[in-house]
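Report on the following structure.
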Amino acid sequence: MHFQLTEDQRALRDGTRELLAGRFGRDRLRAAVGDPGLDRALWRELGAAGFFALRLPEEAGGVGLGLPEAVLVHEEAGRALLPGPLVACQLLAGAVDGVASGEKIVGLCEGEREPVLWEHPADCDELILVEGGAGGSAHGAGGETGGETGGARGRTGGAYRSAPDRVACAPFASVDPLTPLAQVTDLPRTEPLTLDVPRLRREATLLTAAQQLGSAARTVEMAVRHAREREQFGAPVGSFQAVKHLCAQMLVRAEMARSAVYAASVTESGLDVTAAKLLADEAAVTNARDCLQVHGGMGFTWEADVHLHLKRAWLRAARWEVAHEAEELLAAGLIA
């Protein structure tokens, strides 16, 4: 079977890339390194463009598109290193008023993971904590690996909403200068939120993988451009076999991740999502490292953007099914 983007999907991808290039270009990216607070005007503009309401039905004021289209816009966001709880806001656009339009920013935390980390705590208007349902992220609608891994709690899970001033936090150093973090030490579970937690976890995993894919593809472009422009010994460094091999391997990793992420968005199978996240994490982290290698000594400098992709990739790799969890789930799926 051959998967190709439709004309509408290509237009959505290109329009998102154009919007982000105009509103969050390199100058704005570098400014955000020193001041990582979210741009509320940009957030509202994303809301007006349908970024958060993309999957809401049209009768509810949404765009009425599906998971494949959500993957495309998150891939572009990852490519641009757009900061903020984008995944949380898209997944919760129908559950929390004001999120779909970009007027509100909502955070999303995993209750079982230690430490419990909250992205952009100073910018969020609400925080949603999800607990349980972790086993469900490995099971699609068909439950192909069975539903008993996490017991009843693992299948259903729970979600709780809270205002920021009711959440007890401690400072937490972030590896990514664009993503401030806080460690949640206590959150009152007094206001439950009705959500399909296993599905939310599964989709959060896939959209995070899409962001990793965007970063992996972008670092391929950065490495190839530098290899063409930088000269040593009277020739572009891209003419040297070792550099060619690095760039080729980067492209292979990115395209393997793309195939996995796009396929998982169509099948919505839990195991496919798990595999997509594993491949996308590897592509994002390893491509950023190889991109740094292609850049040589200047790649290690603060002025180069390579380190921003590497640090964001590290951060995303630690969210929503980390590598060892994904490997265990995939192994269990093989012997089930």
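This chain uses plain numbering: 1 for the first residue, then up along the sequence. Remember, it's a predicted structure, so these values are computed and weren't measured experimentally.
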*Does the distance from a Lys or Arg side-chain N to an Asp or Glu carboxylate O, for R40 and D125, drop under 4.0 Å?*
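Salt bridge between R40 and D125, a charged N being under 4.0 Å from a carboxylate O: yes.
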
*Inspect the contact between E282 and R253 and indicate whether a charged nitrogen and a carboxylate oxygen are less than 4.0 angstrom apart.*
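Not counted as a salt bridge, because no side-chain N and carboxylate O are separated by less than 4.0 Å.
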
How about [X]: does its [atom1] atom have over 12 heavy atoms from other parts shown lying under 6.0 Å from it?
{"X": "E114", "atom1": "CD", "value": "yes"}
{"X": "D14", "atom1": "CG", "value": "yes"}
{"X": "R228", "atom1": "CZ", "value": "no"}
{"X": "E18", "atom1": "CD", "value": "no"}

Assess, by modelled atom type and distance only, whether the side chains of [X] and [Y] contain a donor and an acceptor separated by less than 3.5 Å.
{"X": "E75", "Y": "Y262", "answer": "yes"}
{"X": "E69", "Y": "Q9", "answer": "yes"}
{"X": "H309", "Y": "S215", "answer": "yes"}
{"X": "S162", "Y": "E191", "answer": "no"}
{"X": "R55", "Y": "Q90", "answer": "no"}

_Interatomic distance, R23 atom CZ to L46 atom CG [nearest 0.5 angstrom]_ =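 So the gap between those two atoms works out to 8.5 Å.
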
_Distance check, rounded to the nearest 0.5 Å: N287 atom CG versus Q293 atom CD?_
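Reported to 0.5 Å precision, the distance equals 13.0 Å.
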
_Option passing side-chain hydrogen bond (donor to acceptor under 3.5 Å, both in side chains) with D305 (candidates R218, R26, H295)_ =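 Of the listed options, the one satisfying the test is R26.
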
Contact check, side chains of [X] and [Y], non-hydrogen atoms, under 4.5 Å:
{"X": "V266", "Y": "L67", "result": "no"}
{"X": "Q211", "Y": "L86", "result": "yes"}
{"X": "V252", "Y": "M256", "result": "yes"}
{"X": "T219", "Y": "L292", "result": "no"}
{"X": "V167", "Y": "W118", "result": "yes"}
{"X": "L206", "Y": "S265", "result": "yes"}

_Going by salt bridge (Lys or Arg N to Asp or Glu O under 4.0 Å), D176 matches just one of R319, R316, R312. Which one?_
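Between D176 and the candidates, salt bridge (Lys or Arg N to Asp or Glu O under 4.0 Å) is satisfied uniquely by R312.
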
_Proximity of F52 and W43 rings by center, below 6.0 Å_ =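 Distance test on ring centres: under 6.0 Å, yes.
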
*Are F240 and H245 close enough that their ring centers fall under 6.0 Å?*
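No.
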
*For R201 and E110, run side-chain contact (heavy atoms from CB on, under 4.5 Å): C-alpha distance rounded to whole Å, both residues' side-chain angles, the deciding distance at 0.1 Å, then the answer.*
CA-CA 9 Å; R201 284 183 176 274; E110 299 176 83; 3.3 Å; yes

_Matching residue for V220 among Q249, R225, M250 - test: side chain to side chain contact (heavy atoms under 4.5 Å, CB included)_ =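 So the option named by the test is M250.
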
_Residue pair V33 / L178: nearest heavy atoms and the distance that separates them_ =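 Closest pair (atom of V33, atom of L178, distance): N-CD2, 3.7 Å.
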
